[in-house]
Amino acid sequence: MGHSGLAKKIKGRTAVTCVMGLGYVGLPEAVSFAQAGFRVIGVEIDAERVNQVNAGWSYISDVDPDTLAPLVRTGKLSATGDFNAVRAADCVCICVPTPLRKTREPDLSFVLSAVDEVRSTLRPGQLIIVESTTYPGSTEEAVLPILESTGLKVGRDFYLAFSPERINPGDNRYPPGSIPRVVGGITPRCRDIATALFRQVVERVVPVSSARAAEMVKLLENTFRSVNIGLVNELALMCGNFDLDVWEIVDAAGTKPFGFMPFYPGPGLGGHCIPIDPVYLSWRARANGFEPRFIDLATAVNAAMPGHVISLIGEALNRHRKSLNGSKVLIMGVAYKADVSDTRESPAVEIIRRLRASGATVTYHDPLVAELREDDPPLKSLPLTAKLVKNQDVVVIVTNHRSIDYGWLVRNATLVVDTRNATREIRRGRDKIVKL
């Protein structure tokens, strides 16, 4: 099937779409395509997730089971662990993780493994779109050779493009269809056919000159956030030195209607993008002989924030004539940000590890995270009761879930360290609160 044949199937929404990886990016995307009328096959190595999807149950907070279940029931969406399902797809979207190695180098093993599975079933007329974050040039240099090893030629026999995911977990203001998609192809024909696919499910598609350009767009978006968060984290340290409230300063500056965008400090960076994407960019820059000093400085400032939180906790306890060693510490929230269950790269993990290493007895409560498996040994969320809170030497707010009554928390706590300004509206008991 040639370019025109695939374009016709996409326009008629009869093209079978395969989404590889049904995580925080892949499952919402699979649902979007199914809602648009496409038949969607989700490929996922986690058998439990496969079973949950096929039962119409969502494990992703941004996907409502009431939305997912009818799509599964009518056959528009199904999940499997069998990679041979890729053969039946006209369009394949790769949405697998791209973490960092322990050496802080990019780890494309999940992407390349997925691409190798695609290669084994690649046929003429298929469109392959990489959505996982990668360094500039990786689609062309790492993915393309694997696919062309079949003897098929990109732009003639199959189509390859990069379109960075832009999901923002827990953000109901911007559903997936409202977020523009950037698309870059290996060839102009690849770009055009990928653009045609995304135009079926999003309001706006932004074509760029190449896959390499699209890869750089994604890294710029999150490096921008990392650098600005690094700036305001450093400002928080400075304001502490000046005995100023950094939250007041940022909010007041944010009233300026031009030339300023408010970013807020925190206990460290978390999630699947901001702590990782700038490292991908700086790694690639060094490989090209460029020293990314600005990015590295922001990364260093942000990486130091969990340590600063430990210092705040220690100083707060000292004022109560207590040491960190032997103290009981309750961590409020271990997800990487408010109102999600995702703990990837969460600063809470590092804070808990450091507290334990200092001799503290650590427990946590998170209404969305029942167990913290990233820590060793694993911890389970404890029910939030007055007895639990009153029994702590200090309560540390690491993630500001909206479901928590922070006024109640402060009333029952002896001491509160607030790293998110969650207690900003509380008037009674402010003498108990130490803010970042």
Are R354 and E350 close enough, and set up right, to give a salt bridge (charged side-chain N to carboxylate O under 4.0 Å, His left out), and what steps lead you there?
CA-CA 6 Å; R354 292 194 182 202; E350 180 65 18; 2.8 Å; yes
Any chance you could lay out the side chain to side chain donor-acceptor pair (under 3.5 Å) test for R119 and T150, step after step, and finish with the verdict?
CA-CA 7 Å; R119 180 200 61 78; T150 60; over 6 Å; no
R284 and E141: CA distance, side-chain angles, deciding distance, salt bridge (charged side-chain N to carboxylate O under 4.0 Å, His left out) verdict:
CA-CA 13 Å; R284 185 59 168 176; E141 297 166 11; 2.8 Å; yes
Using the rule given for side chain to side chain donor-acceptor pair (under 3.5 Å), can you reason through Y280 versus D107, listing the C-alpha separation, both sets of side-chain angles and the distance that settles it, and then say yes or no?
CA-CA 9 Å; Y280 270 62; D107 181 0; over 6 Å; no
Start with the C-alpha gap between T139 and E215, add the side-chain angles, then the distance that decides, and say whether side chain to side chain donor-acceptor pair (under 3.5 Å) holds.
CA-CA 8 Å; T139 302; E215 290 159 345; 2.5 Å; yes
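A distance of 6.0 Å or more separates the ring centres of Y59 and Y24.
Environment of CG in L144: crowded, with over 12 heavy atoms of neighbouring residues, nucleotides or ligands closer than 6.0 Å. Remark: E234 CD is loosely packed, at most 12 non-hydrogen atoms of other residues, nucleotides or ligands lying under 6.0 Å away. Heavy-atom contacts from other residues, nucleotides or ligands closer than 6.0 Å to CZ of F260 number more than 12. Counted within 6.0 Å of CZ on R166, heavy atoms from surrounding residues, nucleotides or ligands total more than 12; the atom is thus considered enclosed.
Looking at heavy atoms from C-beta onward, L6 lies in side-chain contact with D90 at the 4.5 angstrom threshold. The side-chain heavy atoms of E105 and L100, taken from C-beta on, include no pair separated by under 4.5 Å. Residues V250 and F263 have side chains not in contact (no heavy-atom distance under 4.5 Å, counting atoms from C-beta outward). I41 places a side-chain heavy atom less than 4.5 Å from the side chain of V16. Within the 4.5 Å cutoff, no side-chain heavy atoms of I276 are placed close to those of T133.
Side-chain atoms of E203 never come within 3.5 Å of backbone atoms of I179 as a donor-acceptor pair (strictly under, hydrogens ignored). Side chain of Y159 to main chain of T187: no donor-acceptor pair is present (N/O by atom type, distance under 3.5 Å, no hydrogens or angles). Looking at R123, its side chain does come within 3.5 Å of a backbone N or O of R87 through a donor-acceptor pair. The backbone N or O of L112 sits nowhere less than 3.5 Å from a side-chain atom of D116 that would complete a donor-acceptor pair. Under a 3.5 Å cut-off, the side chain of S311 and the backbone N or O of G307 do form a donor-acceptor pair. E291 contributes no side-chain N or O that, together with a main-chain N or O of S282, makes up a donor-acceptor pair within less than 3.5 Å. Without hydrogens or angle criteria, S358 side chain to A360 main chain gives no donor-acceptor distance under 3.5 Å. The closest donor-acceptor contact from the side chain of E44 to the backbone of G21 lies at 3.5 Å or more, if one exists at all. Within the 3.5 Å criterion, the main-chain N or O of E165 finds a donor-acceptor partner in the side chain of K218. With N222 contributing its side chain and D277 its backbone, the two residues share no donor-acceptor pair below 3.5 Å.
Relative orientation of the F198 and F33 rings is tilted, given thresholds of 30° and 60° on the angle between their planes. Between W247 and Y264, the ring-plane angle classifies as parallel under the 30° and 60° cut-offs.
Atoms CD1 and OG1, on I331 and T399 in that order, are 9.0 Å from each other to the nearest 0.5 Å. Rounding to the nearest 0.5 Å places CG of L382 at 5.5 Å from OG1 of T363. Distance check, rounded to the nearest 0.5 Å: CG of D418 to CD1 of I397 gives 4.0 Å. Rounded to the nearest 0.5 Å, atoms CD1 (I229) and CE (M305) are 11.0 Å apart. Note that CD of E315 is 11.5 Å distant from CD1 of I310, once rounded to the nearest 0.5 Å. Going from atom CZ of R39 over to atom CG of L71 covers 14.0 Å, rounded to the nearest 0.5 Å.
Only one option out of I128, I186, T134, V182 pairs with F162 in a side chain to side chain contact (heavy atoms under 4.5 Å, CB included); it is T134. None of V19, L68, V201 except one satisfies the side chain to side chain contact (heavy atoms under 4.5 Å, CB included) rule with V31; the exception is L68. Test T419, I404, V416 against M332 for side chain to side chain contact (heavy atoms under 4.5 Å, CB included) and you get one pass: I404.
Here the closest non-hydrogen pair linking V301 and G230 is CG1-O, 3.4 Å.
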